[in-house]
Colleague: 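The structure under discussion is supplied below as C-alpha cells; questions concerning it will follow.
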Number of protein chains: 2
Amino acid sequence: MKRGYAEISASVNQLNRSDTLSVGEKATMGETTTADTGQNTVRRNVSMADVAQHAGVSSQTVSRVSNGMPNVDEATRERVVASMRALGYRPNRAARSLKTGQFKSIGVIMFTLSTFGNMRTLDAIAMASAAAGYTLTLMPVPHPTQGSISGAFSRLNEQAVDGIVIIFEAHVLDDADFALPRGVPVVIIDSDAGDAYTVVDADQALGARLATEHLLELGHTNVFHVAGPTASFSAMRRLEAWRSTLAGAGITAPTPLHGDWSAESGYAHGLELAKNPEVTAIFAANDQMALGIMRALHQSGREVPGDMSVVGFDDTDEAGSFWPPLTTVHQDFSEVGRLCIEKLLGEIEGTHERPGTTIVPTRLVVRDSTGPYAG
Amino acid sequence: MKRGYAEISASVNQLNRSDTLSVGEKATMGETTTADTGQNTVRRNVSMADVAQHAGVSSQTVSRVSNGMPNVDEATRERVVASMRALGYRPNRAARSLKTGQFKSIGVIMFTLSTFGNMRTLDAIAMASAAAGYTLTLMPVPHPTQGSISGAFSRLNEQAVDGIVIIFEAHVLDDADFALPRGVPVVIIDSDAGDAYTVVDADQALGARLATEHLLELGHTNVFHVAGPTASFSAMRRLEAWRSTLAGAGITAPTPLHGDWSAESGYAHGLELAKNPEVTAIFAANDQMALGIMRALHQSGREVPGDMSVVGFDDTDEAGSFWPPLTTVHQDFSEVGRLCIEKLLGEIEGTHERPGTTIVPTRLVVRDSTGPYAG
DNA sequence: AAGATGCATGTTTACGTAAACATGGGGGAT
DNA sequence: ATCCCCCATGTTTACGTAAACATGCATCTT
C-alpha cells in the first residue's frame, strides 16, 4: 500500500546522504515546468505537475502513486517514483490538507511539560499518533492562572488540527476565558470534566485507597497526607479517596497538608510532620514530595521505614532508587496516552462515540519505605 | 497590528462559552454561500468569501482584517470582525500555508521524551516557538538503534515545517539510512555534528571538568567515573573531559564504567565500586545514575559524603532532595532550547547565518554529597 | 487650481493537491 | 463473436487564501 512513499523516502535519502545542508540547489536538479530562464534563483517547489511531465503521465497518476493507490500499473509506478527521485519531489502537506479537509494532526494543549506524568503521557501520545499517521502539534500554554490564556489559544481557532488532547487540570476550563472551537473532537486527561467530554485518566481514587489501606494493614493507627495543590483535580481525588478510606476504617482523617508537587514543598511539610511523634505513616500525593519528605525525615533523625512509613504516587523511574526505595502507586501513563489517542481517533475518523470517562487501573508497588507500625 | 486576531478569538470564545462540544451545528449559525438547501448536513467550512458576503466587502478585505493589515478603515474592520463573529469564521491554516509557502511550524525530532534534559529543552523550545508565532510539530522516532528509521522520517519528506530541531545523539545521523530534506533549516542539540550544521549545546566538557576538579580539590587522590552509553556524544565528551582533567593533575584515569543513564545501571555499578576501598570519589554522568550509586553505597554501608563523595550531572529538580542532597553540574536546558529556536528562526526568516556551534555554560552546584578526602 | 500623492478597497490569479467524472482498451461471460 | 465490465489513466474542477495589480476618491503640494 504505502509502497510509493517508502520508495520516495529511500530515494531522497540516497541523494542527500553525502551532502551538507544547502538551500536552493534543488531547482538545478530537475527542469522546472515554466521557467526555462537560466535564473535558478526562481526555485519553485517541485510539484506533482513537474513529476508528471518528467514521467510522461498525468498529475493525477502522480497523486495516485504518492498516496499508494492500488490502481496504478507497476511499470508506471516505477517510472513515476523514478521521476520523483530525480526531481526531489516532496508532497506539499498544506495543499493536501486544503483539498482533503484533513490535517492529519492532533493538537496537544498543556500547561507544562515539566512533570513526570505529563511527559510520559505525551510520549505515549506521540507514539500512538505516529503509528496512526498523525502528527502531533504542541500548543503550550504559558501561565495557567493568568486570565490571558485566550491569546495562546488563538491558534486553536485556526483550522489546523483534526482533534485535540488536553492535558491539565480541567477546572481551568470552567473559569478561564476561553473555549474550544466547536466541531473539533476533544479528549481530556486528568479531570472529571463530566459527561459532556471524553475523558481518559488513571484511577486516582483506587491508587490512593490502595496506598492508605496498605499503611493501615501495616498496623498504623492513622495516615497523614501531603496532598497536591487544591487546584488539581487529581490531587483532590487522591485526597478524597484517602479521607474516605480512613473513614471506612473508622478513623478521622487528620488535616491534610498541601504541597505544590515539588520535592521542596514535601521537604517543608516533612520537617513539620517529623516533629509530631503521632505521625508514623505518610501518604504523599506524588513521588517528588515523598522524596522531599524522606529527606526531611532523614534529617530529623526519624528512620524510614523503622520509625516512619512513606508512600508516594506515580512510580517514577527513580522511585525504586530512592533511599529507601519508595513504596508508591504505579500509574500507567503510557496506557492513558494510548487510550487517549484511540478515543480521539475514534471520534475523528469513525463512529461518533458517546463521550464518557475511561479509567485506567493503578496498582501499588511495595518497596522498602513502608514497614509495620512500631508504636 | 494583531488586533484583528485578538478580536476574532475573543468573539469565538464568547460564542462557545456556554456550549458543550457539538459537531455540525456551525452550519446552522450562518448562511452558507452556495447551498440553500435545507440540508444542514452539508456543513461547509466558513470561508473568507462567506464572511465577505456577510459583511458586504471583498474577500481580500477580509484577508486584510484577518492578518491585521493596517490599511483597513476602522469602521470596515469592525464590520468584518462582526461578521467573522457571527459566522464563526476560523482561518484555514492549510490554505494560508499553500498560498504563502510558509507553515509557521517547527518540527522537533527526538528519540524519547523520557529524559529530564530532553523534556526541559522541549519545554523551552515550545515556549520560544509559541512566542514567535510558530507551532511545534513533534516527530518522534521509535527506535534509535534500528536501521529502519527512514520509515519514521517519511513525514520529513513532506513539506510541512519551516525548520527542524533535532534532539538526539547526532552520530545516529551518520550511519543511519536517512538524511534530512534539503533546503530546510536545521539546528541540532547535543552533538558535535561539525561545522556543516548549526549546533546548540550545553558545555559538557566544562561541567565534567568542574565536577572532577571539585573532587580533586577536596583531596581525593582519584575520581572514578560512571559514564553514559558510548553511543552518546554528550556522554563521551563528559568522559573525555573527566579523563583530561585527571591527566592534567597527573593522575591516570581508572577504567570508566558505562551505564545506560538509568538509576538501575548506576546502582549496579555502585555495588561494584562500593567493594573497592580505593574508590572515594565518583563522578556520575547524570543524576539518575548518581542516585542509583548512592543507593548502592547506602546499602553497602559506605557513608556519603563521609566515606565516599558523589557528583552527578544535570541538576534535575529532585537532585537537591536526594539523600544526601546531590552535588551536581547544572545544565541550563531552558537556555539551550531558547537559543535553539533563536538560531533556527534566524535561518528561517532572516539572514543566512553561517552554521556553527553555540555553547551554553554549565556550572557546578555543590551540595552535601561531596566532602573532603578522609583517607 | 491642477496635478501629484496616498489610502481604502476591489479584481484577478495561482499556490499543489485529490475528488469526480471521463475515456479507452483488454479480457471474461454468454 | 458480442456484449459488458473492469482497470489503468487522463481531464476538469475546487479547496481557501494572499500576492499582484487595478480603481477611485480625498488630501496635499506648488
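Excluded from the calculations below are hydrogen atoms, water molecules and symmetry mates; all remaining heavy atoms, backbone and side chain alike, are included. We name chains A, B, ... by the order of the sequence lines, and we start the count at 1 in each one.
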Colleague: Among residues at least two apart in sequence or on other chains, which ones pass side chain to side chain donor-acceptor pair (under 3.5 Å) with A/Ser105?
Modeller: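 Listed in chain order: A/Thr137.
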Colleague: Any N/O pairs under 3.5 Å between the protein and nucleotides 4-7 of chain C? List them or say none.
Modeller:
none

Colleague: What is the distance, to the nearest angstrom, from the CG atom on B/Leu98 to the C1' atom on D/dC15?
Modeller: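 After rounding, the gap between these two atoms is 9 Å.
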Colleague: Does A/Ser83 have any side chain to side chain donor-acceptor pair (under 3.5 Å) partners at least two apart in sequence or in another chain, and if so, which?
Modeller: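 Counting only residues at least two positions away or on another chain, A/Ser83 forms a side chain to side chain donor-acceptor pair (under 3.5 Å) with A/His54.
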Colleague: What integer distance in Å separates A/Met84:CE from C/dG16:P?
Modeller: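 Spelled out: CE on A/Met84 to P on C/dG16 is 15 Å.
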Colleague: Pick out the pairs of N or O atoms, protein on one side and nucleotides 25-27 of chain C on the other, that lie under 3.5 Å.
Modeller:
none

Colleague: Between the main-chain N or O of B/Gln102 and the side-chain N or O of B/Arg96, is there a donor-acceptor pair closer than 3.5 Å?
Modeller: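 Here the side-chain-to-backbone pair does not exist.
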Colleague: Mind checking what makes side chain to side chain donor-acceptor pair (under 3.5 Å) contact with A/Glu342, not counting sequence neighbours?
Modeller: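 So A/Glu342 forms a side chain to side chain donor-acceptor pair (under 3.5 Å) with A/Arg338.
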Colleague: Is B/Thr76 touching bases, backbone alone, or none of the nucleic acid, heavy atoms closer than 4.0 Å?
Modeller: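 Contact class for B/Thr76: sugar-phosphate only.
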Colleague: How long is the line joining CD of A/Gln53 and P of D/dG10, in whole Å?
Modeller: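 That distance rounds to 13 Å.
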Colleague: Shorter than 3.5 Å, N or O on both sides, protein versus nucleotides 17-21 of chain C: list them out with atom names.
Modeller:
from, atom 1, to, atom 2, distance (Å)
C/dT17, OP1, A/Tyr89, OH, 2.4
C/dT17, OP1, A/Asn92, N, 3.2
C/dT17, OP2, A/Met48, N, 2.6
C/dA18, OP1, A/Asn67, OD1, 3.2
C/dA18, OP1, A/Asn67, ND2, 3.0
C/dA18, OP1, A/Arg96, NE, 2.6
C/dA18, OP1, A/Arg96, NH2, 3.3
C/dA18, OP2, A/Ser63, OG, 2.8
C/dA18, OP2, A/Asn67, ND2, 3.4
C/dA18, N7, A/Gln60, OE1, 3.4
C/dA18, N3, A/Lys99, NZ, 3.4
C/dA19, N6, A/Gln60, OE1, 2.9

Colleague: Who pairs with B/Ser63 by side-chain contact (heavy atoms from CB on, under 4.5 Å), at least two apart in sequence or on another chain?
Modeller: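 Result, side-chain contact (heavy atoms from CB on, under 4.5 Å) vs B/Ser63: B/Met48, B/Gln60, B/Asn67.
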Colleague: Let me have the donor-acceptor pairs involving side chains of residues 122-132 of chain B, under 3.5 Å, with sequence neighbours excluded, atom names and distances please.
Modeller:
from, atom 1, to, atom 2, distance (Å)
B/Asp123, OD2, A/Ser114, OG, 3.1
B/Ser129, OG, B/Ile125, O, 2.7

Colleague: Select one nucleotide: of C/dA8, D/dG16, D/dG10, the one nearest the side-chain heavy atoms of A/Thr61.
Modeller: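 Within the option list, the nearest is D/dG10.
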Colleague: Tell me every residue that passes salt bridge (Lys or Arg N to Asp or Glu O under 4.0 Å) with A/Arg64, counting only those two or more places apart in sequence or in another chain.
Modeller: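 Expected list: none.
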Colleague: Please list, chain by chain and in numerical order, all residues satisfying side-chain contact (heavy atoms from CB on, under 4.5 Å) with A/Thr198, sequence neighbours excluded.
Modeller: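 By the side-chain contact (heavy atoms from CB on, under 4.5 Å) rule, A/Thr198 matches A/Val187, A/Lys343, A/Glu347, A/Pro355.
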Colleague: Which residues pass the side-chain contact (heavy atoms from CB on, under 4.5 Å) test with B/Lys99, not counting sequence neighbours?
Modeller: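 Expected list: none.
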Colleague: Counting only N and O atoms by type, is there a donor-acceptor contact under 3.5 Å from the side chain of A/Arg79 to the main-chain atoms of A/Ala55?
Modeller: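 The answer is yes, because a donor-acceptor pair under 3.5 Å joins these two groups.
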Colleague: Using the side chain to side chain donor-acceptor pair (under 3.5 Å) criterion, which residues pair with B/Ser59? Sequence neighbours excluded.
Modeller: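 Residues passing side chain to side chain donor-acceptor pair (under 3.5 Å) with B/Ser59: none at all.
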Colleague: Quickly work out the B/Glu158 CD to C/dG16 C1' distance and round it to whole Å.
Modeller: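 Atom-to-atom, B/Glu158 to C/dG16, this comes out as 13 Å.
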